[in-house]
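Since the structure comes first, as structure tokens, the remarks are kept for the end.
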Amino acid sequence: MQTIARLDPLRSAVSLLRHDGEVALVPTMGALHEGHLTLVREARKLAEHVIVSIFVNPRQFGAGEDLDAYPRQLEADCALLHPEGVSLVWAPEPGAMYPEGYSTNISVAGVSEGLCGGDRPGHFDGVATVVCKLFNQVMPDIALFGEKDWQQLAVIRRMARDLDLTRPAAINIIGVPTVREADGLAMSSRNAYLSADERASAAALPRAMRNTITAIEDGAPVAATLAELESALLAAGFRNVEYAELRDAETLAPLDALGARPARLLVAARIGKARLIDNMGLRTSR
Ligand code: PAF
């Protein structure tokens, strides 16, 4: 497994790998956990070579967010990736990704708006910009992302379609179901910010979401059921609920009832120093 920090050697290494067959990219910001390793294992089933990028992307953090505190542990991450059969780790320095004078921003309208886009202005511009650059740098056949960041996945799919990102066919963007702890909490690098008590209370999030889904699928009114979800989280020790919404799973248009198209419940809530997000699918009304 090679670890590369500069673009020219990356391009040479990727073109060698490509002679053997397809290349899958797993973009990450490091601080790897079982959720990331699941993406890597899925990638290995789909392509001869897996490239993992590790880059804490400053452009997707807003003022006052956790850019400085975000865990950086390249050596430990590489130690986890090596036994997984990863061919290459692409770990650029910020200056290699955004050199002096860098001026381009990618903004995806519609799916970026509201939800995390409302609470974190500019966040999805940063994500779309870095993912577009990663796609151009690695030119993967396949790219895998966790469904835990459902809105991010929708933004990336839209961006790749709109910008005709191809190699030579469209990059196959695959969403991998969320990996959860035994108590249902979605795995996240930010779970490391939780104290033991907060960690125990955080399990209320997936539990309350499941109850909400059951109620809505059984015909309970959406707005009132979402308000109950919010109350349940505050009662469980969450500081606030940034959003709890029912949306069309693909377009992310707000829904006030289940219909024929797949729907998704999406929630962001703060507990202690952590901002946790989660999402779950609902069955359609027919
Ligand atoms: O999901 C993440 O870890 C990041 O948003 C991504 C896709 C690697 C872009 O920085």
Side-chain angles (χ1 to χ4, degrees), residues 5 10 24-40 42-43 50-62 65-74 76-78 80-81 86 88-98 102 104-108 111-112 115-117 119-140 142-160 163 165 171-179 186-193 266 268 274-279:
L10 173 79
L25 172 67
V26 178
T28 80
M29 296 206 301
L32 302 181
H33 50 65
E34 199 54 31
H36 298 107
L37 299 182
T38 302
L39 296 179
V40 169
E42 286 303 310
V50 177
I51 298 181
V52 175
S53 64
I54 297 183
F55 179 66
V56 181
N57 174 33
R59 295 177 76 94
Q60 70 187 75
F61 288 79
E65 288 190 356
D66 56 346
L67 174 61
D68 293 336
Y70 202 86
R72 288 161 174 85
Q73 45 182 65
L74 183 59
D77 288 342
C78 289
L80 288 174
L81 293 175
V86 168
L88 194 160
V89 174
W90 168 223
E93 290 293 321
M97 188 62 87
Y98 302 119
Y102 181 88
T104 301
N105 187 47
I106 295 177
S107 189
V108 183
V111 285
S112 287
L115 303 172
C116 288
D119 295 325
R120 305 181 69 191
H123 168 69
F124 287 118
D125 288 13
V127 170
T129 302
V130 82
V131 172
C132 183
K133 282 177 69 75
L134 289 168
F135 283 179
N136 285 330
Q137 291 163 347
V138 175
M139 299 220 291
I142 303 166
L144 296 94
F145 297 87
E147 287 186 350
K148 175 170 166 288
D149 296 295
W150 188 265
Q151 189 178 14
Q152 165 172 285
L153 187 54
V155 169
I156 291 167
R157 286 191 202 281
R158 187 73 261 166
M159 181 270 296
L163 297 182
L165 296 183
I171 296 171
N172 186 3
I173 296 173
I174 295 184
V176 176
T178 303
V179 180
M187 287 193 185
S188 164
S189 307
R190 290 188 167 101
N191 293 351
Y193 299 155
L266 300 106
R275 177 180 182 279
L276 303 183
I277 60 171
D278 202 347
N279 69 86

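Computed from heavy atoms alone, side chains included, the values below leave out hydrogens, waters and symmetry copies. Read the numbers this way: they start at 1 and go in the same order the structure lists the ligands and their atoms.
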Donor-acceptor pair between Asn57 and Tyr70 side chains, under 3.5 angstrom: no

Partners passing side-chain hydrogen bond (donor to acceptor under 3.5 Å, both in side chains) against Asp125 (at least two apart in sequence or in another chain): Asn105, Ser107

Atom 10 (O) of ligand 1 - nearest protein heavy atom and its distance: Gln60 OE1, 2.6 Å

Contact atoms of ligand 1, heavy-atom distance to Val130 under 4.0 Å: 9 (C), 10 (O)

Residue pairs passing the salt bridge (Lys or Arg N to Asp or Glu O under 4.0 Å) test where at least one lies in residues 149-160, sequence neighbours excluded: Arg158-Asp162

Location of contacts on Ile156 toward ligand 1, heavy atoms closer than 4.0 Å: neither

Proximal atoms of ligand 1 relative to Thr28 (non-hydrogen, under 4.0 Å): 8 (C)

Shortest protein contact, atom 7 (C) of ligand 1 (heavy atom only): Gln152 NE2, 3.4 Å

Which of the ligand 1 atoms, numbered from 1, are nearer than 4.0 Å to a heavy atom of Pro27: 8 (C)

Euclidean distance, Leu163 CG relative to Asn136 CG, rounded to 0.5 Å: 9.0 Å

Heavy-atom pair with the smallest gap, counting every atom of Leu80 and Leu32: CD1-O, 3.7 Å

